[in-house]
There are 2 protein chains.
Amino acid sequence: MATKALDYSKLYAKGLPPAAGPWEGLYKYNFVTGHGDPDLIPVEGFIESITKALEKEGPNLAVYYSDGGPLGNLALREYLVKKLKKHRGIDVSVDEVMICSGSTQCILLINDTLLEPGDVVLTELFSYSGALNNAKKSGARVVGVPMDDDGMKTDELERILTELQDEGIKPKYIYTIPTCQNPTGTNLPMERRREMLRISQEFGVPIFEDECYADLIFEGEWEHAIRSLDDTNHVLHIGSFSKSLAPGVRLGYIVAPQDVINQIVSSKIDVGTNMVTPMMIAGFLEDNYEEHIETVRDMLHRKKDVLVASMREHFGPTVEFYEPRGGMVMWFKFPEGVDTMEPLEAAKERGLIYNPGAEWTADPENYGSNFIRICYGLPTEQELREGVAVLAEVFQGELGD
Amino acid sequence: MATKALDYSKLYAKGLPPAAGPWEGLYKYNFVTGHGDPDLIPVEGFIESITKALEKEGPNLAVYYSDGGPLGNLALREYLVKKLKKHRGIDVSVDEVMICSGSTQCILLINDTLLEPGDVVLTELFSYSGALNNAKKSGARVVGVPMDDDGMKTDELERILTELQDEGIKPKYIYTIPTCQNPTGTNLPMERRREMLRISQEFGVPIFEDECYADLIFEGEWEHAIRSLDDTNHVLHIGSFSKSLAPGVRLGYIVAPQDVINQIVSSKIDVGTNMVTPMMIAGFLEDNYEEHIETVRDMLHRKKDVLVASMREHFGPTVEFYEPRGGMVMWFKFPEGVDTMEPLEAAKERGLIYNPGAEWTADPENYGSNFIRICYGLPTEQELREGVAVLAEVFQGELGD
């Protein structure tokens with residue numbers, strides 16, 4: 001008798017997320033994910049730097065960790081030490097910087113190191129879905145802290161920490177995206193950064209500072225990182241090259257006290273981060289970063305203006321929003337009672353994809369379902385205009401006007 | 001009063017591995033890790049292929065998943081479909097192949113998808129430490145199946161499965177490295193591959209086939225993968241470019257039924273594998289693989305001969321070993337009672353590092369402590385000769401003759 005095909009569904013571990021459906025490909029009006037603009041990938045610069053690097057160090061690819069040990073490419077860490085000092089006010093050594101596969105791996109590793117089931121973590125009420133989901137996957141309870149147009153409200157943070165303290169609960173960390181916050185686009189003013197650090201020190205709860213958008217401020221004050229204010233080890237800082245350079249390089253970094261880095265190394269069991277792309281970008285950045293990032297900021301600034309104008313034109317006062325000073329995402333609030341998930345399928349049929357708000361909130365039962373997130377890095381200005389027109393038609397069709 | 005520095009040791013999750021010590025760098029006589037030979041990295045070929053790829057597809061680096069969706073670079077998957085057919089006898093579609101960050105990530109993802117605490121997995125008694133450790137980290141109990149010079153003994157496999165069945169235990173998988181096994185260097189004959197598949201089907205326990213060394217056979221029969229014999233979904237197959245090309249590219253792949261791939265995708269929350277190196281190697285492999293891998297095999301064959309001759313010269317009949325027909329590792333057995341961990345520090349002081357056997361066994365309390373693993377891919381022939389002489393001196397000094 002023929003053997004029956006094995007049914008793996010009976011073998012899967014309990015509690016897995018549902019299986020992925022077939023990949024939907026890339027929509028014409030692609031308003032999701034932190035994509036960049038393909039026209040701004042510095043192809044010639046990348047070819048030049050990777051050619052030089054391979055000629056000099058190519059043979060090292062044969063040897064695990066030969067580019068700088070488990071913390072990753074040393075030239076890139078040396079560059080980061082300078083860049084963090086100059087742009088973010090952060091003063092660290094190469095032994096406090098670790099290269100990872102995108103800032104997503106940074107989040108996974110920090111959560112692996114700190115979280116266990118039952119832990120509590122605090123985040124901005126609206127926050128990065130990847131960070132929220134990964135903390136929940138580790139078994140943590142995520143508590144959202146209310147925000148305003150200046151980001152997390154530090155008085156609310158202190159109130160919540162006090163309440164939790166009264167219940168005998170000490171959260172594992174305060175996760176914040178202080179600069180060009182995802183999804184709200186807000187920036188935490190320096191005064192609140194100082195206040196957040198004071199609260200962190202007072203309650204003994206570290207800050208997990210995610211600055212993956214920090215290079216993308218295009219107007220107004222340029223706030224330093226919270227990590228720059230701290231000489232008491234209260235801040236774990238992460239960043240990324242995905243937004244400033246290209247997500248396809250999959251490179252992020254953790255800045256942490258050396259003993260924490262050493263602990264994280266023991267959980268980083270991927271036998272090292274890719275060695276080719278750090279080679280490629282270390283040389284490129286050293287020579288070209290300042291000029292390159294200016295063109296990225298200008299592009300995002302223009303696209304943000306187009307998106308704002310188009311949303312005003314098509315939605316008028318129906319939709320409220322904060323107009324960001326940087327970054328690549330915007331967060332639009334529809335009237336209470338609107339469920340922005342409903343028009344999504346109709347939008348996809350028209351070639352448009354956006355993020356319904358419920359996935360970007362720490363408290364989806366009570367907040368977020370009347371918001372949408374739009375990422376404006378990838379679409380052209382024309383596609384932004386057309387896409388917003390489609391969005392308006394779809395929302396009117398599904399929800400009425 | 002000044003705020004005290006935060007002590008993270010009180011915040012760490014329970015059960016973490018110990019923090020890593022400072023990186024020891026690369027030893028002169030580097031007999032550990034599956035390094036390749038730096039002289040065989042095809043630097044010119046890589047420069048040519050990455051230049052072509054960046055010129056054509058560089059702008060795509062701005063867009064997550066634009067090279068082929070969550071399963072990874074489509075050109076590389078198309079190449080793999082052809083290569084697996086030609087070299088391993090495996091007949092699959094691109095939707096059954098997923099690109100990952102090294103075969104280590106393949107193992108992590110399969111374990112994330114299948115294992116929960118209390119599960120049992122079977123492996124060769126001596127096996128890859130990364131696979132053993134990761135299964136244990138998932139809470140699984142690892143049961144080692146006895147081996148001989150033809151790899152896992154299938155009669156022992158059937159006996160153990162029967163015993164476990166009598167206890168009401170159904171293991172989650174049979175992990176095997178059938179070709180150029182790590183650490184023993186053995187090859188499972190076709191007859192045993194068929195037998196292992198029959199047993200897998202009979203007990204409904206899938207085979208987890210790790211073929212990361214399968215391209216490195218340098219003499220004798222070229223066995224096909226177990227996956228090539230199976231049309232009943234009983235084999236999950238993984239492979240790697242680390243050994244055939246370069247570990248620094250960090251690229252491996254999973255071959256699995258499409259529904260299993262879809263389930264694994266939902267656990268692969270790294271927002272995609274690096275996009276630059278697949279671009280680089282897809283073009284290179286298409287044009288140069290056959291020629292390149294011949295030079296790698298010749299190099300390993302020569303170095304294996306040097307290692308065998310040096311071990312015979314310096315250790316004589318004290319040390320027993322199986323002489324492999326392929327791969328890059330050898331497994332040396334010292335007399336019972338010798339603990340190969342003991343001379344390690346003295347060896348390091350002489351610039352030599354090797355793997356004590358206890359880390360490469362499913363049952364370290366009873367087996368393996370009188371073995372050492374030597375990786376011979378990186379050292380030059382001269383370094384192999386000198387290093388074995390140092391090894392002999394160190395072992396004589398520490399253990400007596």
Side-chain angles (χ1 to χ4, degrees), chain A residues 3 5-6 8 11-14 16-20 23 26 33 35-38 41 43 46-47 50-51 54-55 58-64 66 69-70 101-102 104-105 113-116 172 201 206 232-234 246-250 260 262-263 265-266 270-271 274-277 280 378, chain B residues 3 5-6 8 11-14 16-20 23 26 33 35-38 41 43 46-47 50-51 54-55 58-64 66 69-70 101-102 104-105 113-116 172 201 206 232-234 246-250 260 262-263 265-266 270-271 274-277 280 378:
Chain A
T3 304
L6 190 63
Y8 284 85
L11 302 179
Y12 293 146
K14 282 186 282 289
L16 291 182
W23 189 48
L26 297 168
T33 320
H35 305 300
D37 187 326
I41 297 295
V43 171
F46 279 180
I47 290 174
I50 188 69
T51 300
L54 283 171
E55 279 168 354
N60 292 348
L61 295 175
V63 185
Y64 288 91
S66 60
S101 182
T104 304
Q105 193 186 34
T113 303
L114 293 181
L115 297 188
E116 6 188 274
K172 271 289 168 78
Q201 292 172 336
T232 62
N233 279 358
H234 278 71
V249 302
R250 308 306 308 121
V260 179
N262 290 341
Q263 186 59 56
V265 166
S266 79
D270 61 0
V271 210
N274 186 291
M275 285 164 62
V276 177
T277 44
M280 181 173 88
L378 172 60
Chain B
T3 304
L6 189 63
Y8 284 85
L11 302 179
Y12 293 146
K14 282 186 282 288
L16 291 181
W23 189 49
L26 296 168
T33 322
H35 304 300
D37 187 325
I41 297 294
V43 171
F46 279 179
I47 291 174
I50 188 70
T51 300
L54 283 171
E55 278 168 355
N60 292 350
L61 295 175
V63 183
Y64 288 92
S66 59
S101 181
T104 304
Q105 192 186 33
T113 303
L114 293 181
L115 297 188
E116 11 189 88
K172 272 289 169 76
Q201 291 172 337
T232 62
N233 278 0
H234 278 72
V249 303
R250 308 302 312 119
V260 179
N262 290 342
Q263 186 59 56
V265 165
S266 79
D270 61 359
V271 210
N274 186 292
M275 285 164 62
V276 177
T277 43
M280 181 173 88
L378 172 60

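We name chains A, B, ... by the order of the sequence lines, and we start the count at 1 in each one.
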Legend entry - B/L54 side chain near A/I50 side chain, heavy-atom distance below 4.5 Å: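 Yes, at least one pair of side-chain atoms sits under 4.5 Å.
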
Inset, instruction - Using a 4.5 Å cut-off on heavy atoms from C-beta on, say whether the side chain of A/V271 contacts that of B/R250. - result: yes

Inset, instruction - Using atom types as modelled and distance alone, determine if a side-chain donor or acceptor of B/Q201 lies under 3.5 Å from a backbone N or O of A/A5. - result: no

Specify the closest pair of heavy atoms between [X] and [Y], including all atoms of both residues, with the distance to one decimal.
X	Y	answer
A/Q263	B/P17	NE2-O, 2.9 Å
A/N233	B/Y8	O-OH, 2.6 Å
B/P247	A/L61	CD-O, 3.3 Å

Top residue by heavy-atom pair count (under 4.5 Å) with chain A, among [options]?
options	result
B/E55, B/Q105, B/E116	B/E116
B/A13, B/G69, B/A246, B/G36	B/A13
B/G102, B/P59, B/P18	B/P59
B/L11, B/V276, B/T51, B/V260	B/L11
B/M280, B/K172, B/H234	B/H234

Heavy-atom distances under 4.5 Å only: say whether [X] touches chain B with side chain, backbone, both or neither.
X	answer
A/L378	side chain
A/L115	backbone
A/T104	side chain

Region of [X] in contact with chain A, defined by heavy-atom distances below 4.5 Å:
X	value
B/L26	side chain
B/N274	both
B/S266	both
B/L6	both

Inset, instruction - Find the one option among A/D37, A/V249, A/T33, A/T113 whose heavy-atom pairs under 4.5 Å with chain B are most numerous. - result: A/T113

Legend entry - Sequence-distant partners of A/N60, side chain to side chain donor-acceptor pair (under 3.5 Å), two or more places apart: none

